[in-house]
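Here the structure is a predicted model, which is why all the values come from computation and not from measurement. Each chain gets a letter, A, B and so on, in the order its sequence line appears, and its residues count up from 1.
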Protein chains: 2
Amino acid sequence: MEADKLKDEIFIQNCPIRNILSRISDKWSILTIFTLEQIPVMRFGELQRTIPDISQKMLTVTLRTLEQDGIVKRQVYAQIPPKVEYSLTPRGLSLLPHLNSLIYWAKDQMDSIMKDRKRNESKD
Amino acid sequence: MEADKLKDEIFIQNCPIRNILSRISDKWSILTIFTLEQIPVMRFGELQRTIPDISQKMLTVTLRTLEQDGIVKRQVYAQIPPKVEYSLTPRGLSLLPHLNSLIYWAKDQMDSIMKDRKRNESKD
DNA sequence: CAGCATCCGTCAGGATACTG
DNA sequence: CAGTATCCTGACGGATGCTG
């Protein structure tokens, strides 16, 4: 097991693992990746309409970040009006199972977590 | 497959799944959980020393949040000076494999992601 | 030792307006 | 259509001081 090595790395300030995690575990990133899993190729406006409460700015920022990290592919068609299509890259696809296992864990635990929260509220 | 149902749920505003994800995928939460995996029982000061750049305030807030969600257990010993021990609950332990698979994915992709970022920088 | 309370700076991120 | 640019506000989170 290389857990000890990982242990060393992850506690470094500006640790690249933490950096990457923070970018994919971001609120909008998860939702964007999840959306592109459901509909593999989407245009900008389509994404914005599908993710109800995302602002245009945050969708742009999120897509740019995911593109920089090679998780999302941006396909531009040189035409008027412009057409840009987004999809997951192979790396993005390889991320899906891990992200999904986390999402399904959250879904499974959801009800009992909510109960625990309420219990703690009334405890005070 | 219940993917369609999940699809509906996750796009709701204030979706509980998203809420839970945002709390566990938080920068300090991941690090705290990961630390408690390495050393299963730790005192407050011990945690603070192990996670190098966490402030006292953020460690407190993070531990309280994780406690509310039943991921971390807080054991108080009624003595002077105070002694408080933190550990993962069964739910916290059940979260570990999913979190770890994400961490290891990030570790595997780290090098090539960093290269992709630099490539995009020079592209502009 | 293990916090809580307070103050305060920074910046994520929303709203709005404009463009190729 | 798919953005960019600008302004602005509130929340995150650090620093400091105090307490059981």
Side-chain angles (χ1 to χ4, degrees), chain A residues 11 13-15 18-32 35-36 39 41-69 72-87 120-121 123-124, chain B residues 13-15 18-19 21-32 35-36 39 41-69 72-87 120-121 123-124:
Chain A
F11 287 122
Q13 299 183 348
N14 293 39
C15 157
R18 280 158 64 181
N19 177 292
I20 290 169
L21 280 178
S22 72
R23 287 160 70 114
I24 60 170
S25 69
D26 170 79
K27 175 186 181 183
W28 298 124
S29 295
I30 292 181
L31 218 46
T32 303
T35 305
L36 283 174
I39 306 173
V41 179
M42 295 181 85
R43 301 181 59 172
F44 186 90
E46 208 175 350
L47 274 164
Q48 198 180 356
R49 266 173 278 117
T50 307
I51 308 173
D53 46 355
I54 194 170
S55 68
Q56 188 199 43
K57 177 179 175 180
M58 287 321 294
L59 181 55
T60 304
V61 171
T62 302
L63 287 170
R64 289 288 178 281
T65 304
L66 292 176
E67 190 194 359
Q68 273 177 39
D69 285 5
V72 158
K73 181 187 169 197
R74 181 166 181 267
Q75 175 79 272
V76 184
Y77 296 88
Q79 60 184 51
I80 307 283
K83 174 176 172 181
V84 181
E85 284 180 344
Y86 293 93
S87 58
N120 286 337
E121 275 174 24
K123 203 178 57 181
D124 299 330
Chain B
Q13 299 183 346
N14 291 41
C15 158
R18 280 159 62 181
N19 177 291
L21 281 178
S22 72
R23 287 160 71 115
I24 61 171
S25 70
D26 170 79
K27 175 187 182 182
W28 297 124
S29 294
I30 292 181
L31 218 48
T32 304
T35 305
L36 283 174
I39 307 173
V41 178
M42 297 181 86
R43 301 181 59 172
F44 187 90
E46 209 175 346
L47 273 165
Q48 199 179 356
R49 266 173 278 117
T50 307
I51 308 174
D53 47 355
I54 195 170
S55 68
Q56 186 200 45
K57 177 179 175 181
M58 287 321 293
L59 181 55
T60 304
V61 171
T62 302
L63 288 170
R64 290 289 176 280
T65 304
L66 292 176
E67 191 194 359
Q68 274 177 38
D69 286 4
V72 158
K73 181 188 169 193
R74 182 166 180 266
Q75 175 79 273
V76 185
Y77 296 89
Q79 61 183 49
I80 305 283
K83 175 178 173 182
V84 181
E85 285 181 345
Y86 292 92
S87 57
N120 284 336
E121 275 172 24
K123 204 178 57 181
D124 299 331

Dump every N/O contact between nucleotides 13-16 of chain D and the protein below 3.5 Å, one line per pair.
from   : atom 1 : to      : atom 2 : distance (Å)
D:dG13 : N7     : B:Lys57 : NZ     : 3.1
D:dG14 : OP2    : B:Ser55 : OG     : 2.8
D:dG14 : O6     : B:Lys57 : NZ     : 2.4

To the nearest 0.5 Å, tell me how far [X] [atom1] sits from [Y] [atom2].
X       : Y       : atom1 : atom2 : result
A:Leu36 : A:Glu46 : CG    : CD    : 9.5 Å
B:Ile30 : B:Thr62 : CD1   : OG1   : 11.0 Å
A:Leu63 : A:Met58 : CG    : CE    : 10.5 Å

Measure the distance from [atom1] on [X] to [atom2] on [N] and round it to the nearest whole Å.
X       : N      : atom1 : atom2 : answer
A:Ile51 : C:dG13 : CD1   : P     : 14 Å
A:Arg49 : D:dG3  : CZ    : C1'   : 15 Å
B:Lys83 : C:dG3  : NZ    : C1'   : 17 Å
B:Arg64 : C:dA5  : CZ    : C1'   : 14 Å
A:Gln79 : D:dC1  : CD    : C1'   : 10 Å
B:Leu63 : C:dG3  : CG    : P     : 8 Å
A:Gln48 : C:dG13 : CD    : C1'   : 14 Å
B:Tyr77 : C:dA2  : OH    : C1'   : 15 Å

Open item on the list: Heavy atoms only, 4.0 Å cut-off, all strands: where does B:Tyr86 land among base, sugar-phosphate and nothing?
Closed with: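 Sugar-phosphate: the residue B:Tyr86, judged by heavy atoms under 4.0 Å, touches backbone atoms but no base.
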Open item on the list: Check the phosphate of D:dC1 against A:Arg43, side-chain N and O only, distance under 4.0 Å to OP1 or OP2. Yes or no?
Closed with: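 A:Arg43 to D:dC1 OP1/OP2: no side-chain N or O under 4.0 Å.
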Task: N or O in side chain of A:Arg74 less than 4.0 angstrom from D:dA2 OP1/OP2 - done: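 False: A:Arg74 side-chain N/O out of range (4.0 Å or more) of D:dA2 OP1/OP2.
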TODO: Could you tell me whether the side chains of B:Arg43 and B:Tyr86 share a donor-acceptor contact shorter than 3.5 Å?
DONE: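 Side-chain D/A pair, B:Arg43 to B:Tyr86: absent.
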- [ ] Please name the pair of heavy atoms, one in B:Leu59 and one in B:Phe44, separated by the smallest distance, quoted to 0.1 Å.
- [x]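 In this case the closest contact between B:Leu59 and B:Phe44 is CD2-O, 3.7 Å.
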Open item on the list: Checking B:Arg23 now: which residues fulfil side chain to side chain donor-acceptor pair (under 3.5 Å) with it, not counting sequence neighbours?
Closed with: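 In terms of side chain to side chain donor-acceptor pair (under 3.5 Å), with neighbours along the sequence ignored, B:Arg23 is linked to B:Gln68, B:Asp69.
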Open item on the list: Quick one: does any side-chain atom of B:Ser29 pair with a main-chain N or O of B:Ser25 as donor and acceptor, under 3.5 Å?
Closed with: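 Absent.
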Open item on the list: Between A:Thr60 and A:Pro81, which residue's closest nucleotide on DNA chain D lies nearer the 5′ terminus?
Closed with: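 Per heavy-atom nearest nucleotide, the more 5' residue is A:Pro81.
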